[in-house]
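Predicted model, so just to flag it, every value in this text is computed and none were measured.
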Amino acid sequence: MKIQLIRHATLWLEYGGLTFLIDPMLSEQGANPPITNSANNRRNPLVHLPGLVDQWLKPDVLLLTHLHADHWDAAAISMLSRDLPILCQVGDQAQIAAQGFEHITEINHKHKLSNITLTRTKGQHGTGEIGKRMGQVSGFIVQAEGEPTLYLTGDTIWCDEVKQALDDNHPELTIINAGGARFLTGGPITMDEQDVVELCSYAPYTSVIAVHMDAINHCLVTRENLQERLEQEALLNRVTLLQDGEWY
């Protein structure tokens, strides 16, 4: 297994003999407006891609946790081949098909792809009314013989659904969408520093990579913030904070 953080939640995964592009946000820096009802007016993405975009346009498979624009943006939709196999959560196929893509598989529970098994997990993209309005989101467990079990949490806070996914699968590596994304009202809609600490405490057997920081204007927890908290909690040996373009 090899993982590259491209930017935000966009990952390149080499696993079980296949290459996956996960949650592609491929816009140029500043191409998109600020997230509505957020605490600042910085245009998105906040940073450039860490290289030429062409290197990420020909994966074997595209994996989408959900269709919010910071995970599936207009640039990715325009650049990626319509013949690319796409895996997504139940309910998203119609929208992706309307964008011209032809080979879409919805995963309700489990899906076998070559020698790889993907299991959809659930989460909570916030709490209360905001959580409801953010809609359904998914994570995925990725497993193959000879490979470590990988858990992609997707956009979720620390919640019972994440605990269940950990309990059921005991992943060796968990990739967290951190950043403490939030609006002017309500609580975080992705994991903040406390959520990361809670997950590490609950599942001491899993190594963690934290992504989804420093790229979108309403993600208010930075890598620097998280590193400081992890140092206070003596968790820097458990959590890796990848830089854009960096490999794990």
**OP:** Spell out, as yes or no, whether a donor-acceptor pair under 3.5 Å connects the side chain of Asn169 to the backbone of Pro171.
**Re:** no
Original post:
Only one of Thr149, Thr174, Leu118 clears side-chain contact (heavy atoms from CB on, under 4.5 Å) with Ile141; which?
Top reply: Thr149
Original post:
In this structure, which one of Leu220, Ile189, Val221 forms a side-chain contact (heavy atoms from CB on, under 4.5 Å) with Arg182?
Top reply: Leu220
Subject >> N/O donor-acceptor pair under 3.5 Å between Glu14 side chain and Lys2 backbone >> reply: no
Subject >> Over all atoms of both residues, closest heavy-atom pair of Ile3 and Met1 >> reply: CD1-SD, 3.9 Å
**OP:** Compare every heavy atom of Asn115 with every heavy atom of Gly16, then report the nearest pair and how far apart it is.
**Re:** O-OD1, 3.1 Å
**OP:** Report yes or no: do Leu173 and Leu11 belong to one cluster of Ile/Leu/Val/Met/Phe/Trp/Tyr joined by side chain heavy-atom distances under 4.5 Å?
**Re:** yes
Original post:
Which pairs, with at least one residue in residues 143-161 and sequence neighbours excluded, count as a salt bridge (Lys or Arg N to Asp or Glu O under 4.0 Å)?
Top reply: Asp160-Lys163
**OP:** Evaluate whether atom NZ of Lys110 has more than 12 neighbouring non-hydrogen atoms of other residues, nucleotides or ligands under 6.0 angstrom away.
**Re:** yes
Original post:
With side chains defined as the heavy atoms from C-beta onward, is the minimum distance between Ile209 and Val239 less than 4.5 Å?
Top reply: no
Original post:
Taking C-beta and beyond as the side chain, do Leu64 and Pro24 meet within less than 4.5 Å on heavy atoms?
Top reply: yes
Original post:
Under 4.5 Å between any side-chain heavy atoms of Trp12 and Leu21, yes or no?
Top reply: yes
**OP:** Answer whether the closest heavy-atom distance between the side chains of Arg43 and Pro33 falls below 4.5 Å.
**Re:** yes
**OP:** Kindly check if the number of other-residue, nucleotide or ligand heavy atoms within 6.0 Å of CG (Leu52) is above 12?
**Re:** no
**OP:** May I have all residue pairs that pass side chain to side chain donor-acceptor pair (under 3.5 Å) and include part of residues 45-60, sequence neighbours excluded?
**Re:** Gln4-Trp56, Thr19-Asp60, Gln29-His48
Original post:
Short question: side chain of Tyr151, backbone of Gly139 - any donor-acceptor pair under 3.5 Å?
Top reply: no
Subject >> Non-hydrogen atoms of Met25 and Thr10 that approach each other most closely >> reply: N-OG1, 3.0 Å
Subject >> Criterion side-chain contact (heavy atoms from CB on, under 4.5 Å) on Ile116 and His111, from CA distance to verdict >> reply: CA-CA 8 Å; Ile116 302 169; His111 178 70; over 6 Å; no
**OP:** Could you tell me which non-hydrogen atom of Ala97 sits nearest to which non-hydrogen atom of Ile104, and how far apart they are?
**Re:** N-CD1, 3.5 Å
**OP:** Could you tell me whether a side-chain N or O of Glu106 sits under 3.5 Å from a main-chain N or O of Gly91, the two making a donor and an acceptor?
**Re:** yes
Original post:
Does a side-chain heavy-atom distance below 4.5 Å link Leu166 with Asp168?
Top reply: no
Original post:
Between Gln124 and Met134, does a side-chain contact (heavy atoms from CB on, under 4.5 Å) hold up when you go through it step by step?
Top reply: CA-CA 9 Å; Gln124 294 181 28; Met134 294 303 291; over 6 Å; no
Original post:
Looking at side-chain heavy atoms only, is the closest gap between Arg120 and Asn108 below 4.5 Å?
Top reply: yes
Original post:
Taking only residues at least two apart or on different chains, which pairs with a member in residues 81-105 satisfy ring-ring contact (aromatic ring centres under 6.0 Å, His included)?
Top reply: Trp72-Phe101
Original post:
Taking it one step at a time, do Asn44 and Leu46 satisfy side-chain contact (heavy atoms from CB on, under 4.5 Å)?
Top reply: CA-CA 5 Å; Asn44 295 308; Leu46 303 178; 3.8 Å; yes
Original post:
Any link between Ile86 and Leu63 through a network of hydrophobic side chains (Ile, Leu, Val, Met, Phe, Trp, Tyr) touching at under 4.5 Å?
Top reply: no
Subject >> Thr156 side chain to Thr153 backbone, donor-acceptor under 3.5 Å >> reply: no
Original post:
In a check of side-chain contact (heavy atoms from CB on, under 4.5 Å) between Val211 and each of Leu152, Ile175, Leu241, which one passes?
Top reply: Ile175
**OP:** Report yes if some heavy atom in the side chain of Gln89 is under 4.5 Å from a heavy atom in the side chain of His66; otherwise report no.
**Re:** yes
Subject >> Hydrophobic cluster membership, Leu5 vs Leu49, 4.5 Å side-chain cutoff >> reply: no
Subject >> Whichever hydrophobic residues join Val137 through chains of side-chain contacts under 4.5 Å >> reply: none
Original post:
Do Ile96 and Met79 belong to the same hydrophobic cluster, where Ile, Leu, Val, Met, Phe, Trp and Tyr are linked whenever their side-chain heavy atoms lie under 4.5 Å apart, directly or via other members?
Top reply: yes
**OP:** Looking only at non-hydrogen atoms, find the nearest pair between Thr190 and Ala178 and report the distance.
**Re:** OG1-O, 2.9 Å
**OP:** Spell out, as yes or no, whether a donor-acceptor pair under 3.5 Å connects the side chain of Arg7 to the backbone of Ala215.
**Re:** no
**OP:** Applying salt bridge (Lys or Arg N to Asp or Glu O under 4.0 Å), name anything that partners Asp214, two or more places apart in sequence or on another chain.
**Re:** Arg223
**OP:** Look at the side-chain heavy atoms of Ile, Leu, Val, Met, Phe, Trp and Tyr, link any pair under 4.5 Å apart, and say whether Ile22 and Ile107 land in one connected group.
**Re:** yes
Original post:
Within the side chain of Tyr15, is there an N or O that forms a donor-acceptor pair under 3.5 Å with the backbone of Val142?
Top reply: yes
Subject >> Heavy atoms of other groups near Glu28 CD, more than 12 under 6.0 Å >> reply: no
Original post:
Is it true that a side-chain atom of Asp167 and a backbone atom of Gln164 form a donor plus acceptor pair closer than 3.5 Å?
Top reply: no
**OP:** Kindly state each residue pair satisfying ring-ring contact (aromatic ring centres under 6.0 Å, His included) with at least one member in residues 182-229, sequence neighbours excluded.
**Re:** His8-His212, His71-His212, Trp158-Tyr202, His170-Tyr205, Phe183-His218
Original post:
Is Asn40 close to Pro34 at the side-chain level, that is, under 4.5 Å between some pair of heavy atoms?
Top reply: no
**OP:** Looking only at non-hydrogen atoms, find the nearest pair between Met191 and Leu199 and report the distance.
**Re:** CE-CD1, 4.0 Å
Original post:
Between Asn225 (side chain) and Glu193 (backbone), is there a donor-acceptor pair under 3.5 Å?
Top reply: no
Subject >> Gln143 side-chain N/O to Thr119 backbone N/O, donor-acceptor pair under 3.5 Å >> reply: no
